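Structure first, commentary second.
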Number of protein chains: 2
Amino acid sequence: MNLIETLKELVPADIVVTDPDTMEGYRRDSADLVAAGKPIAVLRPRTTAQVSSIMTWATQTDTVVVPRGAGTGLSGGATALDNCVVVSMERMNSIREFDATNHTAVVEAGVVNADVGRAVADAGLFYPPDPGSFEVSTIGGNLATNAGGMRCVKYGVTRNSVLGLEVVLADGRVLRTGGKTVKNVAGLDLTQLFVGSEGALGIITSATLRLRPTPAATATFVASFPTLDAGGRALNSIFAAGVTPSMLEIMDNATINAVENYQRMDLDRDAALLVIGQADGADALDQVDRMVACCDEAGADLSVSTSDPAESEMLLQARRLAGWATMEQFPTIIEDVGVPRTRLAELLSTIADISEDTGIRIATVGHAGDGNVHPMLLLPDLGVDARNRAMVTADRICAAALALDGTITGEHGVGELKREWLTRQLDDVSLGVQASIKRALDPKMLLNPGRGF
Amino acid sequence: MNLIETLKELVPADIVVTDPDTMEGYRRDSADLVAAGKPIAVLRPRTTAQVSSIMTWATQTDTVVVPRGAGTGLSGGATALDNCVVVSMERMNSIREFDATNHTAVVEAGVVNADVGRAVADAGLFYPPDPGSFEVSTIGGNLATNAGGMRCVKYGVTRNSVLGLEVVLADGRVLRTGGKTVKNVAGLDLTQLFVGSEGALGIITSATLRLRPTPAATATFVASFPTLDAGGRALNSIFAAGVTPSMLEIMDNATINAVENYQRMDLDRDAALLVIGQADGADALDQVDRMVACCDEAGADLSVSTSDPAESEMLLQARRLAGWATMEQFPTIIEDVGVPRTRLAELLSTIADISEDTGIRIATVGHAGDGNVHPMLLLPDLGVDARNRAMVTADRICAAALALDGTITGEHGVGELKREWLTRQLDDVSLGVQASIKRALDPKMLLNPGRGF
């Protein structure tokens with residue numbers, strides 16, 4: 001009996017896919033530059049018990065397991081390894097419980113982020129974390145990578161919206177962490193340990209999410225700056241003003257032009273920086289007015305604001321299109337670095353220097369309120385020379401972030417792509433502690449080995 | 001050469017205390033019912049390097065180490081063990097760095113919580129976590145227990161205000177986690193693992209704290225309810241209204257009377273529940289008005305609100321006095337349980353039943369906005385019978401919280417006191433995972449063994 005036949009003794013045959021054509025679609029996530037291995041099977045479990053059986057079998061047979069959400073990751077954390085089984089969580093997509101008064105929902109890992117929002121909207125609630133992929137990506141993947149998004153500046157990242165987890169461990173045991181209370185110090189906070197562990201400590205099968213009341217109102221502004229310096233001053237003065245943006249984004253000149261080429265929006269093609277911000281709550285417009293005042297004083301040459309929802313959506317449109325616009329026009333590598341947010345202007349100016357040096361065009365968008373930006377490398381083609389120059393460019397961007405007390409990844413994760421860079425951010429003690437936790441929970445190194453940390 | 005002499009070869013002699021009288025003051029924290037052991041020495045290091053030397057020595061000599069902040073813990077997590085060394089962090093009390101524009105401060109473990117607030121106030125910033133002990137307790141202890149407080153309902157607990165740590169591990173290695181960015185997914189989030197680990201995984205020597213801009217304004221209200229039911233309805237309607245209280249506290253009838261006996265404040269001695277709330281920001285008074293409307297509609301027989309700072313402080317006075325008032329009048333055991341916040345009224349009513357049953361008076365105060373309350377057991381005396389009935393009472397309160405999907409500790413920690421109750425909240429899988437992480441980081445079981453998890 002071969003390996004896969006032994007598995008079929010334990011789980012329903014229809015969750016086991018070995019057809020090469022179907023498997024092909026599960027070999028990669030969205031990190032195009034990461035080489036994908038060949039799995040021996042793709043597993044699509046429907047229940048936690050099935051995931052547990054899979055891991056018990058994997059431990060007995062020393063089979064490597066790569067957990068997978070929707071495959072939108074940009075760091076290769078869900079790319080298949082040779083001879084692994086890919087465990088796709090797509091069929092575990094039930095909302096098990098929704099407690100509208102306690103503002104919690106228990107959802108399975110395969111539930112799409114936006115579907116959580118739609119399920120709770122009628123009760124006047126929303127689920128804050130909103131990675132760019134939120135219409136496609138799943139809660140399990142969001143948790144495994146501690147996904148970010150535009151609303152993080154006010155509501156925090158994914159780890160700040162989860163109260164408990166159900167996790168299948170490497171040996172098949174089912175671990176339950178946390179609960180339905182917002183405060184809980186009973187033992188180590190294992191919930192927080194598994195969030196952001198990139199599938200290397202266990203497979204998250206379900207989570208108790210924390211929801212928030214939908215804000216009464218939302219207001220939005222856009223300000224355009226003639227220089228990076230002026231834009232940077234505006235951001236620092238917004239941080240200092242004590243306003244609470246619910247979104248504070250930037251787009252640089254290259255991004256503005258990529259968007260304008262993609263779809264005419266009458267953006268100012270000469271602007272060095274656009275700042276797009278939002279506030280929510282009863283005093284949303286007042287807060288936006290204060291942010292606009294910061295922008296005007298710092299030298300914005302244009303600023304507009306609105307509390308009309310449709311107009312707000314129009315102002316955000318350029319920001320939302322940025323990724324699509326560049327990917328449509330160029331082979332694009334989306335970087336993800338973070339710095340203390342007051343050092344953003346320095347980072348942007350260094351990125352411009354790097355681009356000039358390596359000849360790789362860079363369009364930068366990002367979450368200015370959190371100091372987390374995505375320099376998008378716009379490659380002329382996918383030839384060897386362009387790829388090599390792109391890698392040098394990415395390398396120098398990570399080095400620049402570290403030199404500014406920053407991080408090589410703010411929200412996309414380490415995956416396979418950033419393993420080497422991780423060793424430049426973390427010292428041997430930190431890497432050693434992470435390895436010892438990995439060994440404690442996955443002694444056979446079966447879960448997504450070589451990924452994350 | 002005896003054990004302590006070998007240590008004095010490694011660290012300055014003046015940080016090593018063996019005088020029995022001085023040591024006596026370091027044997028206990030504030031958990032009066034926990035038996036204290038006898039240390040062989042109390043160590044008061046001044047530098048991270050000295051803490052590292054201590055742990056290197058402890059590992060070489062198999063010496064048990066009990067780390068200690070200000071000793072305000074209520075669960076016995078810093079109570080001395082026989083033949084241990086107590087490592088008091090009181091002398092590591094420098095603020096190493098304050099970055100007013102980035103809203104971060106790097107502070108040593110022994111810095112008193114309130115001193116952080118005072119150091120950053122002139123820059124228009126504050127440090128949100130405010131455990132009741134904040135004028136005395138230290139950042140290191142706050143981090144080790146993931147301390148809570150009244151402002152958590154808006155700003156989160158201690159773990160939500162820390163970006164990075166410096167930790168000395170059991171074998172003396174110095175670990176640095178996190179950094180100065182608000183978003184960071186480079187590897188496992190070790191910062192979050194050490195927060196709340198109660199001194200059992202390492203000794204926190206320093207932390208990068210996240211500060212917030214001081215709110216423009218604050219408004220406060222108090223509402224008095226004739227029944228627990230009416231008070232519970234008011235709280236649930238506040239939760240549902242989508243307002244953002246920056247404080248939402250309760251005091252029950254027994255607490256009201258204990259305070260009124262202690263200091264006349266003209267509180268309504270017949271009220272079943274007082275709800276005390278605050279909001280901050282530009283629309284603070286508007287938010288308070290909305291909360292007052294919820295209270296009035298739910299049947300409050302009195303409500304007052306103010307945006308005057310001095311009047312606000314007066315309205316809060318009764319809440320702040322609650323702990324002192326009871327401890328002055330009775331031997332008091334302060335419990336700490338949490339429930340999903342919508343189930344608070346059920347918990348309060350169960351606590352009243354338990355009190356009637358066991359004959360132990362209970363005065364309950366707490367953080368209603370987080371579902372975290374402190375039933376204070378008012379003992380008639382410290383005789384064996386009263387103590388035994390108190391333990392039964394505490395036991396039943398923990399059981400009641402668990403029956404309501406709650407937790408046996410919301411913010412005080414497990415320490416030594418709640419070890420047995422922890423095994424009723426967490427199953428063998430969870431306890432096993434916690435033990436495996438402990439073994440991975442402290443294989444000789446030297447750091448605060450038997451505490452926390």
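Note that this is a predicted model, so its numbers are computed, not measured. Only heavy atoms go into these numbers, but all of them, side chains included; no hydrogens, no water, no symmetry mates.
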Against chain B, label [X] side chain, backbone, both or neither, depending on which of its atoms sit under 4.5 Å from a heavy atom there.
X: A:Leu422; value: side chain
X: A:Leu201; value: side chain
X: A:Val157; value: side chain
X: A:Gln287; value: neither
X: A:Arg439; value: neither
X: A:Asn372; value: side chain
X: A:Thr214; value: neither
X: A:Val174; value: backbone

What distance do [X] atom [atom1] and [Y] atom [atom2] have between them, rounded to the nearest 0.5 Å?
X: A:Asp189; Y: B:Phe194; atom1: CG; atom2: CZ; value: 14.0 Å
X: B:Ile437; Y: A:Leu193; atom1: CD1; atom2: CG; value: 5.0 Å
X: A:Arg343; Y: B:Thr101; atom1: CZ; atom2: OG1; value: 9.0 Å
X: B:Thr342; Y: A:Asp99; atom1: OG1; atom2: CG; value: 5.5 Å
X: A:Ser430; Y: B:Arg173; atom1: OG; atom2: CZ; value: 10.0 Å
X: B:His412; Y: A:Lys183; atom1: NE2; atom2: NZ; value: 8.0 Å

**Request:** May I have the step-by-step check of side-chain contact (heavy atoms from CB on, under 4.5 Å) for A:Val429 and B:Leu169, ending in yes or no?
**Result:** CA-CA 10 Å; A:Val429 177; B:Leu169 300 172; 3.9 Å; yes
Measure across [X] and [Y] and return the closest heavy-atom pair with its distance rounded to 0.1 Å.
X: B:Ala186; Y: A:Leu426; result: O-CD1, 3.7 Å
X: B:Val185; Y: A:Gly413; result: CG2-N, 3.4 Å
X: A:Ala282; Y: B:Asp286; result: CB-OD2, 3.9 Å
X: B:Pro340; Y: A:Thr181; result: N-CG2, 3.6 Å
X: A:Gln425; Y: B:Asn184; result: NE2-OD1, 3.7 Å
X: B:Ala440; Y: A:Ala440; result: CB-CB, 3.9 Å

Output the option from [options] having the highest count of non-hydrogen pairs under 4.5 Å with chain B.
options: A:Asp283, A:Val182, A:Val337, A:Leu431; result: A:Asp283
options: A:Glu411, A:Lys438, A:Arg176; result: A:Glu411
options: A:Asp370, A:Val414, A:Ile408, A:Asp427; result: A:Asp370

**Message:** Could you check whether atom CD of A:Glu97 has more than 12 heavy atoms from other residues, nucleotides or ligands sitting under 6.0 Å from it?
**Reply:**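 Enclosed.
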**Request:** Would you mind reporting whether A:Leu190 and B:Val433 have side-chain heavy atoms less than 4.5 Å apart?
**Result:** yes
**Message:** Heavy-atom pairs under 4.5 Å with chain A: which of B:Pro213, B:Ser436, B:Gly410 has the most?
**Reply:** B:Gly410
**Request:** Quick one: which of B:Ala200, B:Gly187, B:Gly242 has the most heavy-atom pairs under 4.5 Å with chain A, could you say?
**Result:** B:Gly187
**Prompt:** Relative to chain A, which segment of B:Thr145 carries a heavy atom at a distance below 4.5 Å: side chain, backbone, both, or neither?
**Reply:**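 For B:Thr145, backbone heavy atoms alone lie under 4.5 Å from chain A.
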**N/O donor-acceptor pair under 3.5 Å between A:Gln192 side chain and B:Gln192 backbone** =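 No.
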